[in-house]
2 protein chains.
Amino acid sequence: MPARVTTLKELAAQLGLSITTVSRALAGHEQIALKTRQRVTEAAHQAGYVPNTAARTLVSGRSGFVGMVLPIRGPNLVDSFLGEFVTGLGEGLVSHGSDLILAAAAQGQSELSVLRHVVESGRADGVVVTRIAEVDERLAYLRHRNFPFVAHGRLLDGDFAYHWLDTDGAHAFGEAFDMLYDLGHRHFGLVTISEPMTFRHLRQDGLAAAIARRGDPSVRLDVATAPRFDRGARIQAINRLLHATERPTAIVALFDELALTVMEEAGRAGLAIPRDLSVIGFDNIAASAYAPPGLTTFDASIRRCAREIGEMLLTVIGDRPDSPLTRLVRPTLVSRASHGPAPTGRN
Amino acid sequence: MPARVTTLKELAAQLGLSITTVSRALAGHEQIALKTRQRVTEAAHQAGYVPNTAARTLVSGRSGFVGMVLPIRGPNLVDSFLGEFVTGLGEGLVSHGSDLILAAAAQGQSELSVLRHVVESGRADGVVVTRIAEVDERLAYLRHRNFPFVAHGRLLDGDFAYHWLDTDGAHAFGEAFDMLYDLGHRHFGLVTISEPMTFRHLRQDGLAAAIARRGDPSVRLDVATAPRFDRGARIQAINRLLHATERPTAIVALFDELALTVMEEAGRAGLAIPRDLSVIGFDNIAASAYAPPGLTTFDASIRRCAREIGEMLLTVIGDRPDSPLTRLVRPTLVSRASHGPAPTGRN
DNA sequence: CGCGCCATTTAAAACGTTTGCAATTTCGCT
DNA sequence: AGCGAAATTGCAAACGTTTTAAATGGCGCG
């Protein structure tokens, strides 16, 4: 029946009350007589009244939205976590009735400009920023604007305070090293990317720190680097590692996609995993369970993290705490079949 | 510097013009002198002016948002397409500067109630509805409300007109049958789900139609059904198929996740793929490329479809066409190594 | 009976924008 | 210089809500 939306004015007219009273009754103000409150609530429910978001936002200055810039990459590249992340964020927000706004950046439009638009148009009360870069203009902007946000990931230098949640990649990579070392490995490979993302450093440093901690001079680490989205270069870098005169017996990859490529290329080179080569990844993407022989990796539980990020952001928006909320989540080892004892004979 | 947001009033004051003129100048109205328009545009750019969404929405009745209900399932179940879908949708919307609103349904809250809230709060100008059920209350509601929407998927009975885009599962399943038939297969298995989703019927009917078209009475089809998210039941159903006294030589799965389970269980039963059993899936999820020996499947190109859905929805919102926009996208066969000639000896 | 106090309700402004209509300015022409 | 039309600009209302400040009514008490 109702092709139109009910408004407060209509509801008030129907009830013979003023708009003010109806508004207050629905908000549950004590000052309105209980009987009236009940009567109004009942009528509102009856009429299927839903307050208009725009009007409410305009007057209150709060939109009830949380924003995020949608990472759009090349034609066939989809952020592999996006689904999980968005689901988790939704879970985190739903308790407060906040919705999520996803703003896409058009081709050639910087992510910053989209972020600015989201912030300055008043679309959102706070934003989530993911994939922190070494020098991150988004963070600089948000700080400067003093706009509520929570970062998924961290900057390297702690020169300004902000709210963040990060997975403890450093710890995981240390754990990977220790495990492999105890399995007899001494010659390691690290496959990483060349983009200036901070998680790259955090993880690599965690590995280096674990090596240093062990204090065994016979440990050797070779690093292969390639651009994140250049499959050719990636394969080339990996094969340099694989076909060196002295080949590592264990390769740790910055994340699963790289590890899967390592396994593929290893297979192509006639190396059996884990007999000839141990491989460990990070993230635990769906394919890792299926790729033979099953990739040992760390589960970053993106969904749970995103949920927590959502909750943190709601706190930040509501309470504006002046000391930063921070949270380091330790990823859990998912032990599958891609790692094992170091090969004993020569390679 | 600007911790506050610039408003039209401030801009007007600064320029010595009325709010009206500034508003019109920025909107590019011809009636405002060109020189003024330029001056205003320049000043607005300088000040980093971004119009307030809420105010604009309130007066224009258009929010510039497109809504979608975020499917939240059990703890570890994430809609495997969500990332791709959302990315595609974002791509489709970005040209018109529309953003995407994702509203999550809290535990125990029906998807319909969330949808109602999105629609009636005026948050969105149109919505996208995915995973159409046989009897879909969301579609019924939207029609009744006469609210712009585009469905990803179709109802079975065409009793009311609406805008949709669907992947032609019927065609794909027919194609799969034809291919397998030509490889000598006569005994088929279909693994499907018990939930009342329409795509289930469309695909199964496509398969049945292809069988009928062939007119070979020796063709046999066994169907195994299990609830979508009940892994145990799924495995059981598949194994009933696999361990029947007369086992199918080719199994077609409703979608890749099922096909992957079929391959796992086949491996567990000592069957070699594709020597002993051919398996074909649908969707082409990431894991399908990695799961040995590589799953033959159909690529639904979710991202491209979602993008088109976004574009369709913008058309619907803008033009309110009275004849329905419909689009059937033919999925493409991704031929990997999980299918082959029917085994010749007895099984 | 009148005063004041409390409980309850309401009028009106405000949020920032768009837009119908009216006012003002400019300019050509006589 | 003066007129009228065209070009340009501005006033004010409207969108639906929240909120401040004020009004109204009821009632006890002196």
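Scope of the values below: all heavy atoms of this structure, side chains included, with no hydrogens, waters or symmetry mates. Order of the sequence lines fixes the chain letters, A, B, ..., with proteins taken first and strands second; residue numbering starts at 1 for each chain.
Residues that satisfy the salt bridge (Lys or Arg N to Asp or Glu O under 4.0 Å) test with Arg131(B), not counting sequence neighbours, are Asp79(B). Applying the side-chain contact (heavy atoms from CB on, under 4.5 Å) rule to Ala103(B) yields the partners Asp99(A), Val114(B), Val118(B); only residues at least two apart in sequence or on another chain are considered. Partners of Ser113(B) by side-chain contact (heavy atoms from CB on, under 4.5 Å), not counting sequence neighbours, listed by chain and number: Gln109(B), Ser110(B). When the salt bridge (Lys or Arg N to Asp or Glu O under 4.0 Å) test is applied to Asp125(B), no partner is found at least two apart in sequence or on another chain.
In Gln46(B), the CD atom is not crowded: 12 or fewer heavy atoms of neighbouring residues, nucleotides or ligands sit closer than 6.0 Å.
In this structure, Ala47(A) and Thr6(A) approach most closely via the heavy-atom pair O-OG1, 3.3 Å. Heavy-atom minimum distance, Val94(B) versus Ala106(A): CG2-N, 3.4 Å.
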Kindly give the atom pairs (protein nitrogen or oxygen, nucleotide nitrogen or oxygen) under 3.5 Å for nucleotides 26-28 of chain C.
none

Got a list of protein N/O to nucleotides 7-9 of chain D N/O distances below 3.5 Å?
residue: dT9(D); atom: OP1; partner: Thr36(B); partner atom: OG1; Å: 2.8
residue: dT9(D); atom: OP2; partner: Ala33(B); partner atom: N; Å: 3.1
residue: dT9(D); atom: OP2; partner: Thr36(B); partner atom: OG1; Å: 3.2

Which pairs, protein N/O on one side and nucleotides 14-17 of chain C N/O on the other, fall under 3.5 Å?
residue: dC15(C); atom: O2; partner: Val59(A); partner atom: N; Å: 3.3
residue: dG16(C); atom: N2; partner: Ala55(B); partner atom: O; Å: 3.4
residue: dT17(C); atom: OP1; partner: Tyr49(B); partner atom: OH; Å: 2.5
residue: dT17(C); atom: OP1; partner: Asn52(B); partner atom: N; Å: 3.2
residue: dT17(C); atom: OP2; partner: Thr7(B); partner atom: OG1; Å: 3.3
residue: dT17(C); atom: OP2; partner: Leu8(B); partner atom: N; Å: 2.5
residue: dT17(C); atom: O5'; partner: Tyr49(B); partner atom: OH; Å: 3.4

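Taking the centre of each ring, Phe160(B) and Tyr162(B) come in below the 6.0 Å mark.
Near DNA chain D, meaning a heavy atom under 4.0 Å away, there are no residues from residues 115-125 of chain A.
Tested against Met68(A) for a side-chain contact (heavy atoms from CB on, under 4.5 Å), the candidates Ile309(A), Val127(A), Leu102(A) yield a single pass: Leu102(A).
Ring pair Phe65(A)/Phe65(B) is tilted by interplanar angle, where 30° to 60° counts as tilted.
Ser23(B) and Thr20(B) share no donor-acceptor pair across their side chains, judged by distance under 3.5 Å alone. The closest side-chain donor-acceptor pair between Arg62(A) and Ser60(A), if any, does not fall under 3.5 angstrom.
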Would you mind writing out the side-chain donor-acceptor pairs for residues 33-45 of chain B within the sub-3.5 Å range, not counting sequence neighbours?
residue: Arg37(B); atom: NE; partner: Ile32(B); partner atom: O; Å: 3.0
residue: Arg37(B); atom: NH2; partner: Ile32(B); partner atom: O; Å: 3.4
residue: Thr41(B); atom: OG1; partner: Arg37(B); partner atom: O; Å: 2.6

Less than 3.5 Å apart, which donor and acceptor atoms pair up between the side chains of residues 81-93 of chain B and the rest of the protein, not counting sequence neighbours?
residue: Thr87(B); atom: OG1; partner: Gly83(B); partner atom: O; Å: 2.7
residue: Glu91(B); atom: OE1; partner: Arg303(B); partner atom: NE; Å: 2.9
residue: Glu91(B); atom: OE2; partner: Arg303(B); partner atom: NH2; Å: 3.1

Could you give the side-chain donor-acceptor pairs of residues 315-322 of chain A under 3.5 Å, partners two or more places apart or in another chain?
residue: Thr315(A); atom: OG1; partner: Glu311(A); partner atom: O; Å: 3.0
residue: Arg320(A); atom: NH1; partner: Asn146(A); partner atom: O; Å: 3.4

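Using five terminal pairs a side, the axes of the helix from dC1(C)-dG30(D) to dT30(C)-dA1(D) at its two ends make an angle of 70°, given in steps of 10 degrees.
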